[in-house]
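Keep in mind the model is a prediction, meaning the values are calculated, not measured.
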Amino acid sequence: MLDPLGLHIQAGRVTEMAGAAMTTAHSPKSLTARAAGWSAARRWRVVLAWLAFVLVAYAIGTVAGVVQITSSDSSIGESGIADRVLAREFPKERAGEEVLIQSSRGSLQRRQLAAVVGDLVSRLEQAPAIAAIRSPLSAGNGGQISKDGRSALVTFQITGNPETAKDRVGPALAATAAVQRAHRGLFVGEVGDASANKAIEKRVADDFRRAEITSLPVTLLILVLAFGSAVAAAIPLLLGITAVAAALGLTALLSHGLHVDSSISSVILLIGLAVGVDYSLFYLRREREERARGRSLRDALQIAAATSGRAVLVSGLTVLAAMAGMFLMGSRTFQSFGMGTVLVVAIALVGSLTVLPAVLAILGDRIDRGRLPFVRRVSGRGGATRLWSVILGGVLRRPLLWGGLAAALLVGLAIPAFRLHTVDSGIQGLPHDLPVIRVYDRTVAAFPGQPLPAVVVVRAPDVASPEVQAGIASLRRAALATGVLREPVSVDVSESHHAARVMIAITGSGTDAASNHALAVLRHQVIPATIGRLPGVQVQTTGWTAESHDFNAAMKSHAPYVFAFVFGLAFLLLLVTFRSIVIPIKAIVLNLLSVGAAYGVLVLVFQDGRFESLLGFHSVGGVTSWLPLFLFVILFGLSMDYHVLILSRVREAHDAGMPTDEAVAHGIKSTAGVVTSAAVVMVGVFSIFATLDMIDMKMMGIGLAVAVLLDATIVRAVLLPAAMQLLGDWNWYLPRWLSWLPRRSARAELAAPARRPREPLGA
């Protein structure tokens with residue numbers, strides 16, 4: 001029986017074989033080794049060129065500026081068509097705002113209401129960028145006083161582009177606040193698209209700034225504990241930061257062609273740090289391992305480039321394939337995420353294969369400077385390596401038992417995912433301590449459907465014709481007769497007379513079951529029976545409820561294409577890399593288990609509402625609609641990093657002559673430290689996002705943290721070795737009809753001769 005604590009003997013045999021080959025070959029022929037040799041020979045030029053590239057890319061992006069996606073561009077489905085018609089036919093449309101005036105004791109007195117409305121209107125008239133003020137006391141505005149007489153609305157518009165109205169709503173908010181201070185016996189609060197966007201974007205920006213500021217020191221601390229050296233720990237972080245900076249600059253430049261979501265910078269930071277740290281860890285750990293075994297600086301770097309460098313290349317290509325899946329999600333928001341993440345992964349990959357070897361050649365053994373004695377003891381041979389050796393020994397002795405238990409645990413966690421229900425968190429998912437959200441809640445209670453009406457867009461050669469106007473009147477009567485569509489109903493006709501906009505209040509909060517039911521009644525019953533019957537008339541519905549519903553439907557319909565694309569490319573990459581049809585199939589199955597378990601945890605926590613008080617959220621009855629596909633793409637890419645690293649080490653040992661069971665033990669044991677360190681970094685960073693106020697960010701943080709934790713422990717340390725132990729030599733099975741695939745073993749890569757570099761490696 002194999003003794004896991006004695007695996008260093010086998011590991012030494014593999015390393016001796018690799019090292020012997022390296023000492024007789026000055027530069028391997030593999031792409032990654034040639035890149036490392038070329039970079040190390042021109043170390044200072046490579047580092048300076050990298051810094052120049054980062055600075056130039058970031059500077060160009062800063063000068064060019066970021067072009068953010070507009071609401072009409074980001075909408076999809078029927079609501080997307082309607083939004084684009086509105087943007088074209090109502091180009092001078094303004095953002096609307098409402099000020100709620102409410103009495104806490106009985107109905108508003110006429111004199112009292114007149115005093116506060118007069119004060120508010122006077123202040124608003126003196127403020128810039130405000131127009132079309134409507135008072136509830138004016139003739140024909142009786143609909144702006146609630147049925148119980150306790151509430152009234154003053155409405156107005158923010159002049160200029162509605163997409164940027166949040167930048168001009170400040171004076172209106174100041175006027176409203178001044179009226180509230182002057183009339184403390186009443187509640188006076190403002191709500192609208194501009195004020196809500198201003199408050200929400202500020203909270204989101206503050207949250208992300210806090211996460212970004214916190215994630216960097218957390219990452220550095222974990223890396224110091226992993227390496228025991230401040231200099232070594234700083235290298236992965238610096239590579240990640242420079243890759244992020246360059247990607248941000250290039251994304252800003254490209255945003256003039258493909259507009260980007262406002263959250264793109266945070267997504268780039270999240271992914272850039274993840275892959276930058278992972279790839280640097282893989283490379284650095286192997287180089288330091290070879291140095292610890294007595295290899296020269298030159299040989300250690302060459303071995304690391306030919307082995308871990310190749311794993312980084314394959315892993316990076318797999319991650320790029322996963323991120324490219326976002327282009328198939330049918331949403332311009334995700335297309336912008338795809339562009340940003342593909343850029344940052346590609347830049348981090350190139351930096352890992354070129355700049356990192358150059359930095360290692362410059363530093364040499366100085367990379368160990370800044371070592372802390374206490375940390376050295378923590379990260380020594382008797383720490384995590386011994387623990388994983390003990391765990392691995394038990395798994396390899398009873399692979400069926402431990403593999404079955406691990407699979408049962410993951411399947412058990414994944415079972416709740418079968419009842420996953422996606423929702424648009426909408427207003428319900430926003431922090432309710434925001435003043436604008438409290439005003440919104442009061443307004444919905446007093447005027448149901450008022451802030452977020454359904455918008456019916458009617459198109460015809462002449463919407464002012466008697467036939468179309470009669471159809472709109474019929475639409476209004478039928479809508480009000482349903483009981484779920486209510487007053488107020490307003491109709492506007494565009495200057496071209498090619499489009500009309502009908503706004504109808506709906507029940508519910510905008511994204512809940514009641515609002516979705518009202519939307520379904522409007523789309524599938526009211527419109528087809530009225531205006532939709534007229535020949536030559538086209539009708540689409542938009543509004544918050546419609547946009548949320550259509551986005552949710554699009555995510556579900558595009559999911560099969562995304563899964564097929566990501567799985568297909570990953571399968572081909574792993575098939576060509578490892579010349580085995582079993583390896584890619586097993587990798588896909590294990591990743592599905594990790595993703596399924598993460599989905600199940602999200603359902604248990606956020607859909608079922610467990611741990612609400614602990615995590616500080618209120619359940620919205622489901623998982624936010626954009627998260628499942630986004631989570632799948634990110635998790636698949638990150639988990640493949642660990643998978644490729646481990647399998648590359650296993651294959652290297654197997655090609656060096658080890659039996660499969662010993663190669664599995666050696667590969668997993670020798671990579672346990674780096675996988676653990678990388679996973680701890682990712683879990684720490686993702687957990688920070690779980691502390692943010694926005695429920696969508698909490699879901700993303702917890703989903704990513706749980707999945708990475710499960711993947712790095714249960715999957716990679718238990719299920720993977722158990723499966724490989726049970727399969728034995730079947731792990732490397734390749735059908736005869738695929739025997740034409742290029743053959744290149746780890747031994748061949750290490751031993752292939754090449755010309756000596758012009759300059760020796762190492763400082």
Side-chain angles (χ1 to χ4, degrees), residues 35 46 49-69 73-74 208 212 215-216 236-280 312-329 331-356 562 565-566 569-570 573 626 629-630 632-638 640-641 682 685 700 704:
V46 169
W50 174 261
L51 294 176
F53 161 69
V54 172
L55 291 174
V56 170
Y58 189 76
I60 290 176
T62 302
V63 173
V66 178
V67 181
Q68 293 187 6
I69 197 169
D73 289 336
S74 61
F208 275 124
E212 292 164 3
S215 63
L216 295 179
L237 193 58
L238 290 174
L239 178 65
I241 291 173
T242 53
V244 167
L248 287 174
L250 294 180
T251 299
L253 183 63
L254 294 176
S255 71
H256 291 263
L258 175 61
H259 300 173
V260 298
D261 187 87
S262 59
S263 301
I264 186 67
S265 59
S266 297
V267 173
I268 289 176
L269 174 69
L270 195 70
I271 303 304
L273 278 181
V275 297
V277 168
D278 278 359
Y279 299 160
S280 300
V312 166
L313 177 61
V314 175
S315 176
L317 293 176
T318 309
V319 174
L320 286 173
M323 300 305 167
M326 283 192 258
F327 288 104
L328 301 178
M329 290 186 183
S331 166
R332 294 194 180 186
T333 296
F334 281 109
Q335 289 173 359
S336 70
F337 286 166
M339 179 179 70
T341 54
V342 165
L343 278 174
V344 75
V345 172
I347 293 171
L349 178 61
V350 172
S352 300
L353 300 180
T354 57
V355 182
L356 185 58
V562 176
F565 175 81
V566 173
L569 278 183
L573 281 170
W626 61 267
L629 277 183
F630 180 80
F632 162 72
V633 169
I634 300 300
L635 290 178
F636 188 86
L638 294 181
M640 287 305 293
D641 280 349
M682 293 304 100
V685 171
M700 184 187 75
L704 288 169

Practice problem: Look only at the side chain of H256 and the backbone of G65, and say whether a donor-acceptor pair between them is shorter than 3.5 Å. | Solution: yes

Exercise. Look only at the side chain of S315 and the backbone of V312, and say whether a donor-acceptor pair between them is shorter than 3.5 Å.
Key: no

Self-check item: Under 3.5 Å: donor-acceptor pair, side chain of S336, backbone of T333
Solution: yes

Quiz prompt | Verdict with reasoning, V275 to L638, per side chain to side chain contact (heavy atoms under 4.5 Å, CB included) | solution = CA-CA 7 Å; V275 297; L638 294 181; 4.3 Å; yes

Quiz prompt | side chain to side chain contact (heavy atoms under 4.5 Å, CB included) involving L704 - partner list, sequence neighbours excluded | solution = L270, L631, I634, L635, F686, M700

Self-check item: Shortest non-hydrogen contact from G316 toward V345
Solution: O-CG1, 4.1 Å

Quiz item: Which heavy-atom pair separates M682 from L273 by the least distance, and what is that distance?
Solution: CE-O, 4.2 Å

Quiz item: Parallel under 30°, tilted from 30 to 60°, perpendicular over 60°: which one fits the rings of F334 and F337?
Solution: perpendicular

Quiz item: Looking at A247 and I268, what are the two nearest heavy atoms and their distance?
Solution: CB-CG2, 4.0 Å

Quiz prompt | Residue F630 excluded, over 12 heavy atoms near CZ under 6.0 Å | solution = yes

Self-check item: L239 vs W50, side chain to side chain contact (heavy atoms under 4.5 Å, CB included): CA-CA, chis, key distance, verdict
Solution: CA-CA 10 Å; L239 178 65; W50 174 261; 4.1 Å; yes

Exercise. With rounding to the nearest 0.5 Å, note down the distance linking CZ in R332 to CD1 in I69.
Key: 6.5 Å

Practice problem: Report yes if some heavy atom in the side chain of F53 is under 4.5 Å from a heavy atom in the side chain of L250; otherwise report no. | Solution: yes

Quiz prompt | Step-by-step side chain to side chain contact (heavy atoms under 4.5 Å, CB included) determination, V355 to V46 | solution = CA-CA 6 Å; V355 182; V46 169; 4.2 Å; yes

Quiz item: Would Y279 and L353 satisfy side chain to side chain contact (heavy atoms under 4.5 Å, CB included), going step by step from the backbone distance to the final call?
Solution: CA-CA 9 Å; Y279 299 160; L353 300 180; over 6 Å; no

Quiz item: What are the two closest heavy atoms between A252 and G61, and how far apart are they?
Solution: CB-O, 3.5 Å

